[in-house]
Every structure is written in structure tokens, then in C-alpha cells.
Amino acid sequence: MVDIIAIDGPASAGKSSIAKKISNYFNIPLLNSGRLYRAVAYKIINKKININDKYEILTIAKSLKNDDLKSIKLFSSEIDKVSSQISAKKYLRDQLKEYQIEFPKKYGKGKKFAIVEGRDIGTEIFPLAKFKFFMWANAGTRAHRRYNQIIKSGKKASLARIYDEIVSRDREDINRKIAPLKPAVNSVLLDTTYLDIEQAFNVIKKTLSN
Ligand code: DC
């Protein structure tokens, strides 16, 4: 099987930017696992499904396609919130695990690595991943990053609100009983509070070359 690079960490720690850079640099497939939860949340909202309707939620999760993960509509504060809520459901995590396990088998053929980023990749999904990174940054720094991203895209944003949302999502991700956000025991810790994306990328590149 292809070697897995697992990147975990909280919202806006820079995981997806770094993962994209690694994916481009090594020409390897990338799965942003948060998009699975977001795509399910998107359909729940659109179809006005009750958040406790296990049958409907599982039906959506089972029928997820790669294209569902590509939509830019997956990024809104409503989806941030609903995806975080549904991510606490064990039956959903189990179902989405199947998608994640299949990913490197499907897309990693002939590649040096496959890269998967999320919250529980190194702990639950690929505990035997060859490389594990846990990216962190303090909540204030992450809120600033998110704020700048939104402003850059021409939209309005409130820094105070973004900060509150980040703190509350951290709380939910860290405290949920199933697959909580935590560093895998054998992961490389990368605090990006004072590192820019280039510096973090260089650390990862070096680790992968060893
Ligand atoms: O990484 P993200 O912000 O796109 O993730 C969206 C939500 O999905 C986030 O609140 C936590 C959840 N998630 C998860 O529980 N496990 C993962 N492996 C990835 C994301």
C-alpha cells in the first residue's frame, strides 16, 4: 500500500494550505477529510434534514462522490457549525472512515505517498501512517488568518465573531468522546503561531526526505 502522510490539527492551523503545497510538490493525491463532513452538512442543510435523522444522514454519507467535495459552497459559517455538530456522531464517523480508507487505494496507485488531513487521521483513520504531523497555532493567530482570508475574497467579516467560532469549534473537536482532536503519540508537532506557510512546508519537506 502507498505510504500515508497524515496531517491533523484544529481549524485554520494551515493544514489545508500546507497539504496542498505538499500534494503539488510531490504530485501525490490529497484528501481534505473535513470536506466529507462539510459535504454531508451541506446536503443536510439543503434538504432540510433533521440533524438527528440517522437513516437520512447515513444515506447521504454512503452516496458521497468525489465531486461533492469540490464545491466552494462547502465553506460558510453555517456549514462550519453543522459539520462540527455531526462530526460527533459515531455512525457517521464510521461511515466516512470507509471513504477515507479507500482513498489511497483508489488514487494512490504508482504514487510515492497519499496525503490526508483532518482531525483524527493519525490517531483513528491511519494509525500506521508513515508520517504524522500535528499542526497547531494559538486561537488568536488562527482567527486573524481566517479573517484575512475572508476579507481577501471580498466579503465582510467580524474578527471577534470568527475568534468565538474558532474557540467553540476547538472545544467541540477536542472534547467529543469519539475520535477527539489530539496529537497522535508519534506525530511531529508543528506550532505555526510564528511560522509562515513556507517555513512550515520546509519542516515537513525535510521530515519526508529523511
Ligand atoms: O477541517 P474542516 O474545518 O474542513 O472540518 C470541518 C469539520 O469536520 C470540523 O468541525 C471537524 C470535522 N472533522 C472531523 O471531525 N474529523 C476530520 N477528520 C475532519 C474534520
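When a ligand or atom number is given, it counts from 1 through the structure's own listing order.
- If you check the side chains of Asn52 and Lys89, you find a donor sitting under 3.5 Å from an acceptor.
- Close approach of ligand 1 to Ser84 (heavy-atom distance below 4.0 Å) involves ligand atoms 10 (O).
- Ranking protein heavy atoms by distance to atom 8 (O) of ligand 1, first place goes to Tyr37 CB, 3.5 Å.
- Scanning Lys15, Arg119, Arg38, Arg93 for the heavy atom closest to atom 1 (O) of ligand 1 points to Arg119.
- Proximity of Arg176 to ligand 1, defined as any heavy-atom pair under 4.0 Å, is confined to the side chain (atoms from C-beta onward).
- Within ligand 1, the atoms closer than 4.0 Å to a non-hydrogen atom of Ser87 are 12 (C), 15 (O), numbered from 1 in the order shown.
- Judged by the 6.0 Å distance and 45° axis criteria, Lys73 is not positioned over the aromatic ring of Tyr42.
- With a 4.0 Å cut-off on non-hydrogen atoms, Arg169 touches ligand 1 through its side chain and not its backbone.
- Panel note: side chain Thr193, backbone Asn138; a donor-acceptor pair is recorded below 3.5 Å.
- Near Gly118, meaning under 4.0 Å from any of its heavy atoms, are these atoms of ligand 1: 18 (N), 19 (C).
- Atom 20 (C) of ligand 1 has its nearest heavy-atom neighbour, among Gly34, Ala11, Gly9, in Gly34.
- At the top of the distance list for atom 19 (C) of ligand 1, counting protein heavy atoms only, stands Ser33 OG, 3.4 Å.
- Paired with Asp173 under the rule salt bridge (charged side-chain N to carboxylate O under 4.0 Å, His left out), one option of Arg171, Arg169, Arg176 passes, and it is Arg176.
- Looking at Asp120 next to ligand 1, an N or O pair under 3.5 Å apart turns up.
- At distances below 3.5 Å, not a single donor-acceptor pair connects side-chain atoms of Thr123 with backbone N or O atoms of Ala184.
- With Ile7 as the fixed residue, the side-chain contact (heavy atoms from CB on, under 4.5 Å) test singles out one of Ile121, Val116, Ile22: Ile22.
- When non-hydrogen atoms are compared, ligand 1 lies under 4.0 Å from the side chain of Asp173 (C-beta onward) but not from its backbone.
- With ring centers used as reference points, Phe113 lies under 6.0 Å from Phe131.
- Residues Phe103 and Tyr99 place their aromatic rings such that the two centres sit no closer than 6.0 Å.
- When the heavy atoms of Ala13, Ala41, Ser83 are ranked by distance to atom 7 (C) of ligand 1, first place goes to Ser83.
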